[in-house]
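Below is one structure, written out as structure tokens; the observations come after it.
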Amino acid sequence: MPTGSRADTMDHITASLDRLHRERDFSGTVLITRGGETVLETHRGVADRASGVPIGPRTRFGLASVTKAFTAVAVLSLLPDHLRTLDIPLERLLPAHLRPVDLHPEVTVRHLLTHTSGVADYFDEETATEDWVAEFAALWSDRPVYRMTRPADFLPLFAGLPPHDPPGRRYHYCNAGYILLGLVLEQLTGTDYRRAVTERVFVPAGMRDAGFPAADEILPDLATGHLRPRGPGESWRSNVFAIPAVGGPDGGAFATAADLDRFLTAYAEGRLLAPDRLAEALRPAARIDGDSAMGHGVYLVGEGPTRSFGAVGADPGVEAIIRRYPDPGINTVILANVNDSVWEIDALVREAVSAGTV
């Protein structure tokens, strides 16, 4: 990474994107802002390989598990009017038919937010192999994706599984925990999950193009998630049969890069959560590794002036990483509608922020 001017750094990043586009078919958007001013906005590839429509500023990408950050904000916004404390046991919030059969009685909302609940997952990412795209898609061979439209539809996938840990023992990434948070949100607000997130996150953050479009909706500017050919001579495919038909609490929202930039800024400025709730969200709750920890719905990475918070996501045909570096006021958004590039791009951007050339 060049250590000279900002222009040199941006040239290096765009050259790397060109290489990834050539070598790995990278298709997506990178947006970097500082203090509300755009430092870099660039696009590669197409929103849909069949039509050849190019990706641009208005393209709305699938966000996979970045959606969990929205779920977390919506749940935290329930404090204290709808939810007295994050340490309330889940069994006091959800009726028996809306929770795992062997749920530990001490599992709380806080455990779910911080991935420390010990609840068994319907897709355990800690045991997934390098072929996780095919493994995730295989989930829907016996349970068609078009049936997965509400948080409660996911319960049969994990409700009968025994816990893998007692609550609070360790960080263990859990999609199912966020399904349960979506159910809590529905129970306490009296509305469906997607409306609750729209009202409590998208609208106050000014995320005008964000939402939860269903796979069969014909809407403008939606990026198709692309799956690579399975072998020589085979065609590219969409991810329409590889992910649930509509997004929910653990993943699947759509948004533009600008929407996500607005989300990060609104979050950091305290426009989505009251100051005490924001401080709690950004407090390390579980150590992941030497460089990162889990907050309450966001990942916390690094220390000092280059520390960041944010969210990451990956589904078949979808990758997304968003980060906020509070001290320099930098937002970074990396979105793709094909797998296998965004983590390399994120590493380049993090290095540039660390070098002070953003």
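Computed from a predicted structure; not experimentally measured. Numbers here are sequence positions counted from 1.
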So, are [X] and [Y] salt-bridged, with charged N and O less than 4.0 Å apart?
| X | Y | value |
| --- | --- | --- |
| Arg34 | Glu37 | no |
| Asp209 | Arg60 | no |
| Arg24 | Glu319 | no |
| Arg143 | Asp153 | no |
| Glu344 | Arg19 | yes |
| Asp192 | Arg150 | no |
| Arg194 | Glu199 | no |

Begin with the C-alpha distance, continue with both residues' side-chain angles, and end with the deciding distance and a verdict on side-chain hydrogen bond (donor to acceptor under 3.5 Å, both in side chains) for Arg44 and Thr42. CA-CA 7 Å; Arg44 297 293 185 281; Thr42 187; 2.5 Å; yes
Taking it one step at a time, do Tyr325 and Phe309 satisfy ring pair (Phe, Tyr, Trp, His ring centres under 6.0 Å)? CA-CA 7 Å; Tyr325 298 84; Phe309 67 81; 9.2 Å; no
With rounding to the nearest 0.5 angstrom, report the CZ to CD distance, Phe123 to Glu125. 6.0 Å
Measuring from atom OG1 of Thr256 to atom CD1 of Ile55, what distance do you get when rounded to the nearest 0.5 angstrom? 13.0 Å
Do you know which two heavy atoms are closest between [X] and [Y], and how far apart they sit?
| X | Y | answer |
| --- | --- | --- |
| Pro244 | Val145 | CA-CB, 4.0 Å |
| Gly252 | Thr67 | N-OG1, 3.2 Å |
| Ala176 | Ala120 | CB-O, 3.6 Å |
| Asn339 | Asp315 | ND2-O, 3.0 Å |
| Thr114 | Gly295 | CG2-O, 3.4 Å |
| Leu273 | Ala281 | CD1-CB, 4.4 Å |

Aromatic ring proximity, centroids under 6.0 angstrom, His172 and His115: no
Tyr193-Phe212 aromatic ring centre distance below 6.0 Å: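 Centroid separation for Tyr193 and Phe212: below 6.0 Å.
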Stepwise side-chain hydrogen bond (donor to acceptor under 3.5 Å, both in side chains) check, Tyr178 with Ser65: CA-CA 10 Å; Tyr178 271 72; Ser65 287; over 6 Å; no
Are [X] and [Y] linked, directly or through other ILVMFWY residues, by side chains that come within less than 4.5 angstrom of each other?
| X | Y | answer |
| --- | --- | --- |
| Ile321 | Leu31 | no |
| Val342 | Leu260 | no |
| Ile179 | Leu188 | yes |

For Asp261 and Thr33: C-alpha separation, side-chain torsions, deciding distance, then whether side-chain hydrogen bond (donor to acceptor under 3.5 Å, both in side chains) applies. CA-CA 8 Å; Asp261 179 64; Thr33 65; 2.6 Å; yes
A quick test of your reading: do over 12 heavy atoms of other residues, nucleotides or ligands sit less than 6.0 Å from [atom1] of [X]?
| X | atom1 | result |
| --- | --- | --- |
| Glu303 | CD | no |
| Arg208 | CZ | no |
| Glu234 | CD | yes |
| Arg283 | CZ | yes |
| Arg271 | CZ | yes |
| Glu130 | CD | no |

Step-by-step side-chain hydrogen bond (donor to acceptor under 3.5 Å, both in side chains) determination, Tyr122 to Asp250: CA-CA 11 Å; Tyr122 68 87; Asp250 65 332; 2.3 Å; yes
Short side-chain donor-acceptor distance under 3.5 Å, [Y] and [X]:
| X | Y | answer |
| --- | --- | --- |
| Asp48 | Thr224 | yes |
| Arg110 | His296 | yes |
| Lys68 | Thr71 | no |
| Thr129 | Glu135 | yes |
| His111 | Thr108 | yes |
| Ser77 | Arg200 | yes |

Verdict with supporting geometry, Phe158 and Asn175, side chain to side chain contact (heavy atoms under 4.5 Å, CB included): CA-CA 10 Å; Phe158 66 90; Asn175 294 287; over 6 Å; no
Would you mind reporting whether Thr38 and Ile32 have side-chain heavy atoms less than 4.5 Å apart? no
Do Asp346 and Arg350 come close enough that some side-chain heavy atom pair is under 4.5 Å? yes
Under the ring pair (Phe, Tyr, Trp, His ring centres under 6.0 Å) rule, what do Tyr267 and Phe263 come out as? Steps first, then yes or no, please. CA-CA 6 Å; Tyr267 192 112; Phe263 169 75; 5.8 Å; yes
